[in-house]
Amino acid sequence: MKKLFISQPMKGKSDADILAERQKAIKSAEEKIGEPVEVIDSFFQEAPVDAKPLWFLELLAGADIAYFAKGWQDARGCKIENTCAIEYGIPVIEDYTAE
C-alpha cells in the first residue's frame, strides 16, 4: 500500500469543504495507481494560525505519491510542495479540473 500525501489549497475553505476534497483526492489516487492508499494525515482541524508551513515538507518526505488538488497551482505552499515532490522523485498527480 502506497503512502499518499495530499496537497490542497485551504485558505478560505471550510473544514467540510477540505475534507470532501480530500475524499475526492483519495478516490482519484486509488483509481490512478490501481490500489488502496494509506493517507498521510496533513489536515489538522482547528490548527493554530501560526503553524509553520514548511513543516508539511517533512510529511511529504514520507510519501510514495503526492496528489495536488484543484487550484494547487495558485497556492504558494502547494507550489512549493509540488516542486519538492518532483525534484525528489515523488510521483505526482495534478488535478487541473475547472472550478
Side-chain angles (χ1 to χ4, degrees):
M1 185 178 303
K2 295 193 184 306
K3 291 183 181 179
L4 176 69
F5 178 85
I6 301 170
S7 179
Q8 64 188 127
M10 295 184 195
K11 187 175 184 177
K13 294 183 180 180
S14 71
D15 285 357
D17 289 339
I18 291 166
L19 291 170
E21 189 169 47
R22 290 180 76 74
Q23 288 305 311
K24 178 185 169 202
I26 293 165
K27 182 179 177 186
S28 177
E30 288 178 337
E31 288 173 359
K32 179 143 180 123
I33 66 173
E35 66 179 87
V37 296
E38 177 185 340
V39 179
I40 296 171
D41 193 7
S42 61
F43 172 59
F44 304 97
Q45 292 174 303
E46 309 300 327
V49 180
D50 63 347
K52 304 285 185 201
L54 291 176
W55 178 77
F56 291 98
L57 293 178
E58 186 173 335
L59 297 175
L60 174 62
D64 296 310
I65 189 165
Y67 182 96
F68 293 87
K70 177 175 58 178
W72 71 267
Q73 66 276 20
D74 299 318
R76 180 182 60 184
C78 295
K79 290 189 292 187
I80 291 167
E81 291 164 350
N82 184 271
T83 298
C84 290
I86 291 169
E87 289 293 321
Y88 284 99
I90 298 170
V92 300
I93 299 171
E94 298 169 338
D95 183 347
Y96 288 104
T97 57
E99 293 290 328

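It should be emphasised that the depicted structure is a prediction, and the values quoted were computed from it without experimental measurement.
- Here E81 contributes atom CD and I90 contributes atom CD1; the two are 10.5 Å apart, rounded to the nearest 0.5 Å.
- Between A25 and L4, the shortest heavy-atom contact is O-CD2, 4.5 Å.
- The side-chain hydrogen bond (donor to acceptor under 3.5 Å, both in side chains) test with N82 singles out one residue from Q73, E94, E87, and that residue is E94.
- Looking at I26 and I6, their side chains come closer than 4.5 Å, going by heavy atoms from C-beta outward.
- Nearest heavy-atom pair across L57 and C84 is CD2-SG, 4.0 Å.
- Remark: K27 NZ is loosely packed, at most 12 non-hydrogen atoms of other residues, nucleotides or ligands lying under 6.0 Å away.
- The CD atom of E31 sits 10.0 Å away from atom CD1 of I93, with the distance rounded to the nearest 0.5 Å.
- Under a hydrophobic-cluster definition in which Ile, Leu, Val, Met, Phe, Trp and Tyr are linked whenever side-chain heavy atoms come within less than 4.5 Å, directly or via other members, Y88 and V92 are assigned to different clusters.
- With a 4.5 Å cut-off on side-chain heavy atoms, K32 and Y67 do not count as touching.
- A distance of 7.0 Å separates CZ of F5 from CZ of F68, quoted to the nearest 0.5 Å.
- No more than 12 heavy atoms of other residues, nucleotides or ligands sit less than 6.0 Å from atom NZ of K2.
- For the atom pair NZ of K70 and SG of C78, the computed distance is 13.0 Å after rounding to the nearest 0.5 Å.
- Closest heavy-atom contact between D41 and L59: O-CD1, 3.8 Å.
- Residues Q8 and A69 share a closest heavy-atom pair of CB-CB, 3.6 Å.
- Across all their heavy atoms, Y96 and W72 have their closest contact at OH-CZ2, 3.0 Å.
- Linking ILVMFWY side-chain heavy atoms closer than 4.5 Å, directly or via other members, places I40 and L60 in a single hydrophobic cluster.
- Here the CD1-CD distance, from I65 to E38, works out to 14.0 Å after rounding to the nearest 0.5 Å.
- For the residue pair M1 and E35, the shortest heavy atom distance occurs at CA-OE2, 3.5 Å.
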